Amino acid sequence: MMEDSMGKASSLKKIFGMGKGQRILVIVTFMFLPLLLLFVFTYLPFLKMFQFSFYDMKYIGKREWVGLQNYIDVFTRDDCFKALKLCFYYMAGAIVQLVIALYFATVLSFKVKGGAFFKGAMFFPSLICGIAVGFIFKFFYTRGFVLDTVLSWLGFAKESLPYWLKDTSINNFSLAATSVWKYMGQNMVLFIGAIMSVDKELYEAAMIDGANAWNKFRYIILPSIKSIVVLNLILSITGSISAFEPPYVITNGTNGTGTYFVIMDRIAHQNQKVGLASAMAIVLLGILILCTIAQKVILNVMFNDKTESYSRKALKKMRKEERLKRKEAREAARA
Amino acid sequence: MKAKKVLSAVLALATLVSMSACGTSKSSGTSGADSGSSAVPNIYDIKLGEDYKDIKADLTFLTHRTDIADTVFADYIKKFNELYPNIKITYDALTDYAEEATVRLTTDDWGDIMMIPTTVQKNELPNLFVSFGKLDDLNKVYNFNNNFAYKGNVYGIASVGNAQGIVYNKKVFEAAGVTSLPKTPDEFLDALQKIKDKTDAIPMYSNYAAGWTMGAWDAYIGGSATGDADFMNVKLPHMKNPFSKKDDMTGPYAVYYVLYEATKRGLIEDDPTTTDWEGSKGMINRGEIGCMVLGSWAIVQMQQAGDNAADIAYMPFPISVGGKQYASAGPDYCYGINKKVSTDEQIAAMLYIKWLTEKSNFAYDQGGIPIDKTQKYPDTLKAFDGIELVVDTPAPEGEETLFNDLNTASELGINSSNDKKSEILEAAMNGTKTLDQIMDEWNQKWTAAQEKYKVEIKY
């Protein structure tokens with residue numbers, strides 16, 4: 001009797017699955033909502049956009065299939081790819097930003113007076129929303145306002161200062177500088193986190209060997225946080241290709257500051273050429289994918305120094321030896 | 001364990017059901033509205049304060065007037081509720097109105113009343129908005145009904161009418177020795193030069209950084225620059241090279257000539273890229289700015305921005321056609337009622353719009369031309385005595401969407417976007433292109449768009 005009910009229970013358990021079935025049920029129910037959200041808000045709009053890119057359409061009204069015409073337009077119009085050139089300003093900015101972030105991260109990872117304050121102060125800009133940053137810098141660059149005043153304290157004559165946003169030879173630098181200001185702190189915090197994980201004994205050993213601060217940075221810190229530096233570099237450079245907020249808020253993309261994204265927004269919303277703008281977005285996606293792959297390949301070649309290949313070889317050898325040992329042990333046991 | 005499993009299954013089911021429920025309730029709502037929309041009366045048949053006294057509705061009103069949504073409009077709601085206590089109205093003020101409203105319009109439940117964005121094509125009007133009545137009947141009682149009229153029905157009632165001219169500070173012009181108002185582009189530029197030479201004021205403030213202020217220049221290329229009511233909707237789509245220079249300095253070229261030359265001669269602000277729109281209102285009020293090229297809606301805002309309201313005046317755009325000056329006049333944003341809401345809400349919206357037009361004093365509060373034909377012009381437009389107001393005639397039948405089509409296909413964005421006009425100022429400021437080069441480009445784009453839509457060249 002007892003055994004019987006036990007048996008029933010265990011068979012029920014099997015059906016509702018303490019084992020595999022339940023695991024699948026749990027996985028499905030837990031994954032369902034996130035996957036649904038991901039699909040509805042990321043992949044579905046993307047597929048829709050891909051579809052739009054083959055139509056001549058406005059937001060409201062009829063759509064007309066035009067095949068690849070939008071893509072041909074993207075490559076033949078002079079404003080689309082001209083706008084892409086502007087990303088070099090932001091790339092230069094991104095590199096400056098990483099160097100500064102790396103410098104401050106290295107300094108602040110060691111004991112510094114008021115270190116926590118500086119960390120907080122430098123991280124603060126990345127907490128402000130991009131639109132607000134835009135408005136701050138609009139006034140910051142206004143003739144005779146903040147930047148000009150500060151520079152005149154430093155002894156620059158007000159008349160000799162350039163017009164930060166009007167002068168087309170420097171206005172893109174001004175805009176790139178705002179994104180350096182905003183994102184530097186974020187990079188720095190990531191770098192500090194990585195540097196913290198470096199074994200402290202390495203510094204002591206280096207000190208005994210008579211290494212100076214630069215040597216420590218070059219031979220201990222940089223190799224240890226290589227992966228996070230590369231990650232940040234890739235993120236910053238792909239980010240600079242799709243730069244949007246500073247030119248959109250500060251200059252509306254006028255006066256030669258319209259980046260690819262700003263032009264795309266203008267074509268989609270002001271000129272109502274939704275199909276063309278969608279094609280631009282798809283082309284940009286292709287460019288970003290290419291850039292990311294190229295960066296990975298180049299950095300792999302650059303960072304693949306001999307030490308790593310040596311250690312990899314050593315690792316392989318060790319594993320092989322281990323396997324051999326285990327095999328021997330098993331054979332010995334059988335015997 | 002089992003209980004948990006059941007619970008999780010129930011929860012998952014519940015989320016699914018609630019999601020699908022959202023979808024169904026929405027679709028049933030729209031279908032109901034579609035069947036009942038014929039029950040909405042014409043706006044001129046309603047008697048305010050007598051009809052529909054007991055109607056109950058909850059209205060959402062999308063507006064571009066972020067500055068007065070909580071003050072003036074709140075006051076209007078209070079007064080309106082004295083007549084119709086059961087209609088609740090909520091204003092939703094959008095900062096980037098033109099773009100955001102267009103995007104919201106693509107969903108069906110954006111609210112009940114909106115200011116119809118200029119991007120809406122005429123043939124889409126019947127699918128999106130409720131008709132206010134027949135065009136011919138409305139023309140008897142209201143001004144400016146043409147903008148959103150389609151096939152004899154009117155889908156948008158203007159909130160207020162604007163005359164197009166230039167806001168200026170009388171004291172600055174007097175101090176510079178400009179005694180009579182300039183009547184041609186070159187006289188105007190001379191006057192600006194005098195202001196620059198004799199006063200400390202900025203002769204003409206472009207407000208370039210705001211963007212839309214550059215788009216505002218398009219408002220003058222029709223009636224003000226040609227004196228021809230047919231120019232915008234009837235002739236322009238069929239014109240060959242409409243942006244070319246004319247010997248008598250009229251037409252679109254003359255308008256953009258003022259902008260280009262004023263910039264090139266240094267008669268605008270020192271650094272246009274960092275201008276501040278809100279600040280400029282106070283500056284013109286204090287006499288730090290000579291003039292700004294803006295529609296008549298701007299007058300009241302400039303007067304209220306400081307203590308010198310009496311100094312702010314308005315003049316027509318300095319172009320004379322055959323010795324006579326004209327001024328374009330037309331509607332500001334127009335009210336539209338959502339076709340996809342319930343009949344009660346549509347009627348309530350209609351009541352409020354009728355009240356706004358006839359009883360609210362909105363036109364006088366804003367210094368614009370009243371929409372109700374029985375009301376008189378406000379004092380601010382006194383300088384327009386003797387100036388003929390030109391109201392654009394609607395496009396002929398079959399060509400209702402032609403201007404919009406050409407406008408978007410050519411990307412010139414006349415009266416709808418700013419970047420092409422910003423480029424004129426940039427070219428003058430940076431010395432990159434001449435005005436003739438820019439106008440040639442525009443002509444080419446216009447011609448290409450005309451070819452795309454196979455438009456017959458008549459003028």
Side-chain angles (χ1 to χ4, degrees), chain A residues 12-13 16-18 22 25-26 28-30 32-33 36 40 56 58-62 77 79 131 135 137-145 147-148 162-169 171 174 248-258 262-263 265-274 276, chain B residues 1-2 5 8-9 11-12 15-16 19 95-96 98-100 102-103 105-106 117 119-121 123-125 127-128 208-212 214-215 269-276 279 401 404-405 407-413 416-423 425-427 429-432 452:
Chain A
L12 265 177
K13 250 183 200 172
F16 285 105
M18 274 307 276
Q22 193 194 28
L25 188 75
V26 167
V28 168
T29 43
F30 274 89
F32 178 70
L33 215 55
L36 185 77
V40 170
D56 180 10
K58 295 172 182 154
Y59 277 108
I60 310 159
K62 269 184 298 198
R77 282 170 68 105
D79 55 349
I131 306 293
F135 280 110
F137 275 90
K138 207 170 185 172
F139 287 105
F140 184 75
Y141 287 131
T142 300
R143 189 79 173 157
F145 273 50
L147 183 59
D148 288 0
Y163 290 84
W164 301 106
L165 295 175
K166 181 182 165 189
D167 191 339
T168 44
S169 60
N171 55 7
S174 308
Y248 185 71
V249 180
I250 302 177
T251 62
N252 265 323
T254 54
N255 207 12
T257 59
V262 175
I263 301 290
D265 170 78
R266 186 182 290 164
I267 287 174
H269 294 116
Q270 293 205 359
N271 300 325
Q272 295 270 313
K273 294 189 171 174
V274 180
L276 181 60
Chain B
M1 200 68 193
K2 223 189 229 168
K5 242 183 286 171
S8 69
L11 274 177
T15 43
L16 267 179
M19 274 174 163
T95 318
D96 198 358
E99 277 190 19
E100 210 169 308
T102 312
V103 176
L105 193 55
T106 56
T119 44
V120 176
Q121 302 257 352
N123 54 355
E124 292 295 330
L125 288 170
N127 305 327
L128 298 168
Y208 165 87
W212 58 266
M214 303 311 294
E269 63 271 31
D270 189 30
D271 183 2
T273 53
T274 51
T275 54
D276 171 31
T401 65
N404 270 340
D405 286 338
N407 204 17
T408 47
S410 65
E411 293 177 17
L412 295 184
S416 67
S417 80
N418 315 319
D419 53 298
K420 285 280 176 279
K421 275 63 71 175
S422 297
E423 279 169 20
L425 188 141
E426 284 159 29
M429 184 169 72
N430 302 324
T432 47
K452 184 183 170 191

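To find a chain, count down the sequence lines: A is the first, B the second, and so on, and within it residues start at 1. Because the structure is predicted, anything quoted here is derived from the model rather than measured.
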Is atom CZ of A/F30 surrounded by more than 12 heavy atoms (other residues, nucleotides or ligands) closer than 6.0 Å?
no
Gap separating the CZ atom of A/R77 from the CG atom of A/L276, nearest 0.5 angstrom
5.5 Å
Side chains of B/D405 and B/Q121: does their closest heavy-atom pair fall under 4.5 Å?
yes
At a heavy-atom separation under 4.5 Å, does B/N430 approach chain A through its side chain, its backbone, both, or neither?
side chain
Are the side chains of A/Q270 and B/E99 in contact, using a 4.5 Å heavy-atom criterion?
yes
Quick check on A/K166 against chain B: is it the side chain, the backbone, both or neither that has a heavy atom closer than 4.5 Å?
both
Pairing donors with acceptors under 3.5 angstrom, does anything connect the side chains of A/W164 and B/D271?
no
If I measure from the heavy atoms of chain A, does B/S422 come under 4.5 Å with its side chain, its backbone, both, or neither?
side chain
Can you tell which of A/N255, A/I267, A/L165 has the highest number of heavy-atom pairs within less than 4.5 Å of chain B?
A/N255
Residue among A/T168, A/N171, A/T254 with most heavy-atom pairs under 4.5 Å to chain B:
A/T254
Distance-only donor-acceptor check, side chains B/E426 and B/Y208, under 3.5 Å:
yes
Sub-4.5 Å side-chain heavy-atom contact between A/D56 and B/K452:
yes
Contact class of A/R266 relative to chain B, heavy atoms under 4.5 angstrom:
side chain
Among B/L105, B/T119, B/T102, B/N127, which residue forms the greatest number of heavy-atom pairs with chain A at distances under 4.5 Å?
B/T119
So which residue, B/A210, B/A409, B/A98, B/A427, ends up with the most heavy-atom pairs under 4.5 Å with chain A?
B/A409
Between A/K273 and B/T408, does a side chain to side chain contact (heavy atoms under 4.5 Å, CB included) hold up when you go through it step by step?
CA-CA 8 Å; A/K273 294 189 171 174; B/T408 47; 5.6 Å; no
Using non-hydrogen atoms and a 4.5 Å limit, figure out which bit of A/N252 sits close to chain B: side chain, backbone, both or neither.
side chain
Does the plane of the ring in A/Y141 sit parallel, tilted or perpendicular to the ring in A/F137? Use 30° and 60° as the thresholds.
tilted
With respect to chain A, which residue among B/D276, B/N123, B/L425, B/D419 yields the maximal number of heavy-atom pairs within a distance under 4.5 Å?
B/D419
Which bit of B/D270 comes within less than 4.5 Å of chain A, counting heavy atoms only: side chain, backbone, both or neither?
both
For B/E411, is it the side chain, the backbone, both or neither that has a heavy atom under 4.5 Å from a heavy atom of chain A?
both
What part of A/T251 gets within 4.5 angstrom of chain B, counting heavy atoms only: side chain, backbone, both, or neither?
neither
Chain B contact via A/D167 - which portion, at a heavy-atom distance below 4.5 Å
neither
